[in-house]
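Treat the numbers as computed from the prediction; the structure is a model and nothing was measured. Chain letters run A, B, ... following the sequence lines, proteins first, then strands; residues in each count from 1.
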2 protein chains.
Amino acid sequence: MSEKVTILQVAERAGVSQSAVSRFFTPGASVSKKTADKVRMAAEDLGYRPNVLARAMASGRSRIIGLVVAYLENYFYPEALEKLSTALQAKGYHVLVFMASQTAGNIDQVMEEILDHQVDGIILASVAMSSDISARCQQLGVPVVLFNRAQDIEGIAAVTSDNRAGGRRVAEFLMAGGHQRIAYIAGWEGASTQRDREAAFREALSGAGRDLFARAVGNFSVEQAEQAARDMFSVPAGERPDAVFVANDHMAFAVMDVLRFELGLRIPEDVSVVGYDDVPPAAWRAYNLTTIRQRANLMVAETVRAMFEQIDTPDTASPCHVQIEAPLILRGSARIPDDWPTEG
Amino acid sequence: MSEKVTILQVAERAGVSQSAVSRFFTPGASVSKKTADKVRMAAEDLGYRPNVLARAMASGRSRIIGLVVAYLENYFYPEALEKLSTALQAKGYHVLVFMASQTAGNIDQVMEEILDHQVDGIILASVAMSSDISARCQQLGVPVVLFNRAQDIEGIAAVTSDNRAGGRRVAEFLMAGGHQRIAYIAGWEGASTQRDREAAFREALSGAGRDLFARAVGNFSVEQAEQAARDMFSVPAGERPDAVFVANDHMAFAVMDVLRFELGLRIPEDVSVVGYDDVPPAAWRAYNLTTIRQRANLMVAETVRAMFEQIDTPDTASPCHVQIEAPLILRGSARIPDDWPTEG
DNA sequence: CTGAAAGCGCTAACAT
DNA sequence: ATGTTAGCGCTTTCAG
């Protein structure tokens, strides 16, 4: 097991000082070509690579971003994680993952753990935090950005899709489609995304003088969504919804399957189904789900931007809630109004 | 932005030495109750938490495991990632993610990057490495375990499902089902998993005096799998396969959709489809895919075990390739032989 | 541009 | 059980 080669060895071999070597490996350096050459050679010969940990320790910047995620079962998150990690890697940063599953205790504990790692920033994906912890991060100078969740804590960055606009759009679409009995299956009611989607959806309905015909809670869980669908649709034809907006795709798939395979309903002839997220399976032909697209690329880009704005200019940064436009993707699970504008 | 509180401040406040505080925060400590109390109080008052980075630096153990992943689109990986991260967290370790997407350059570069982080171990998920790098890790004393990929480098730990047994099982199942024209759609041919599945599948076929009726390559890509299915099945009924084994579920869904929605074939009446992985969507009723289950829980458990075996006892550890039994999950996408043994 | 020197915050012998 | 003393490998003033 060969010794780890240190900066000191390189310095000796190159016949320069330790700091010279350090400078050589520092992007914004100021090293003469001569010194640079000597260092380069010595480093190559020795197979030297700077120790990131030591560098972090000495400089106070770890170039690590803590990411806490809760639901990888919702396929929006793996996608986001991949893009996030890639984007961060491109900037020389890396992602340290913290699962916030039930087993891991509450978020605040996880946050403490993250802070222990001297991360340069924290991204909370579909996770809310106490204002206590938020304050703690702020006083520690650690930037936080919420991904796909908003929170009413001032000065905390958040990026989501425009959930309200999305919810409204679905309502308009469903009404334009001539649906008379419009239902909603909610996600976890603690989620800001769920609340915004629903609020705007209902507002648009009542704005048109209509009421929600039925409502159930699926809690972003497949099992609960199935049960909700069963309960909601196991009634005489005249009393059953002719359209249902499901708070996310993941639940929508489950709902569709109950409707088609358990209850023998046709989609969209008997009932239109609309989801939210546009995860890849929504495009699979067996589902072909009409849904609101959360543009992962843009959301990630904004998240990264918000993060580095805070890292690079902690003083002038003004964290805010950015909402990415969320288009309705027309597919086959919901009747399309004749006069509905098509893209292009 | 409040100062970070250090071990020294705690020591002063508690009226003990720095090392006493250090010991207090070290699991296998030896501190008198008296000292412990003083330290606990001081630490609490100050809101002190040990700096993980400094600890890593001084002790030489970072308690970080580098994970490199390539395809998060295959839903087997998010699942594995989640379980892995959770399992590691439970042991006080954390996962530093490295995406090995095309953009990130080749694996060897990524590996160097990981090594720079002084990780205590590396897990390679569905990624192969050069024997050069393998050697480098070994001489650096950094344990590596391959997840869902095996490699013929001696002394390197790998955990996979029993791909050969799985492939064989599918062949037997399909033959027992009376299929006459059995086809195979391959994954990326560089993957050991793909090769093992196919090899055993074909061996079982030829062992029964049968030949593969058709073969195409899907490269673990949805688009290529679709094209493969089109090419393979766009022929007169008598010349088309009556069963197809697809190298993973992800491609199998695409194949099913082409067969059903483009070519109007019935599954399993006209053609049986079998996949590999048993990712969650395989159980969704719109697919209801008969498939070989990769038991993520067990695979992760073995991966973690192999990792810590090497971390805890670097000398006696004997890395090997462990293969997890992979049961055939009977669903509706393939005809079930009358005499096929059922579980229980 | 370069080198000397002082840490970053903590652990790990070693003595006591 | 506790304190003392060296570092871990690197960055960063500060002189020159």
What integer distance in Å separates [X]:[atom1] from [N]:[atom2]?
X	N	atom1	atom2	value
A/F24	D/dT11	CZ	P	13 Å
B/N51	D/dC8	CG	P	18 Å
B/K38	D/dT2	NZ	P	8 Å
A/K34	C/dG3	NZ	P	12 Å
B/M57	C/dA12	CE	C1'	14 Å
B/K4	C/dG7	NZ	C1'	16 Å
A/L53	C/dT11	CG	P	13 Å
A/R63	D/dC10	CZ	C1'	14 Å

Electrostatic pair [X]:[Y] at N-O distance under 4.0 angstrom:
X	Y	result
A/D120	A/R63	no
B/R136	B/D132	no
A/R40	A/E44	no

Seminar exercise, completed: Those residues at least two apart in sequence (or on a different chain) that pass ring pair (Phe, Tyr, Trp, His ring centres under 6.0 Å) with A/Y75 are B/Y75

Exercise. Heavy-atom contacts under 4.0 Å between residues 7-20 of chain A and DNA chain D, which residues?
Worked result: A/I7, A/Q18, A/S19

Exercise. Step by step, would you call B/S130 with B/D108 a side chain to side chain donor-acceptor pair (under 3.5 Å)?
Worked result: CA-CA 7 Å; B/S130 71; B/D108 289 5; 3.0 Å; yes

For this session: Under 4.0 Å between any heavy atoms, over every strand shown, what does A/S22 touch: base, sugar-phosphate, or nothing? Just pick one.
Result: base

For this session: With side-chain contact (heavy atoms from CB on, under 4.5 Å) as the test, would you mind laying out the steps for A/I324 and A/Q294 before giving the verdict?
Result: CA-CA 8 Å; A/I324 306 296; A/Q294 298 223 74; over 6 Å; no

Would you mind telling me which of [options] lies closest to the side-chain atoms of [X]?
X	options	answer
A/R55	D/dT11, C/dA12, C/dC8	D/dT11
B/S59	D/dG9, C/dT11, C/dG9	C/dT11
A/S32	D/dC8, C/dG7, C/dT2	C/dT2

N/O to N/O distances under 3.5 Å, protein versus nucleotides 14-16 of chain C:
none

Problem set entry | 4.5 Å side-chain heavy-atom contact, A/L88 and A/V304 | yes

For this session: Could you please spell out the steps behind the side chain to side chain donor-acceptor pair (under 3.5 Å) verdict for B/S22 and B/S19?
Result: CA-CA 5 Å; B/S22 174; B/S19 7; over 6 Å; no

Problem set entry | Phosphate OP1/OP2 of C/dC1: any A/S30 side-chain N/O under 4.0 Å | yes

For this session: Take A/S134 and A/S131, measure what side chain to side chain donor-acceptor pair (under 3.5 Å) needs, and give me the verdict at the end.
Result: CA-CA 5 Å; A/S134 166; A/S131 56; over 6 Å; no

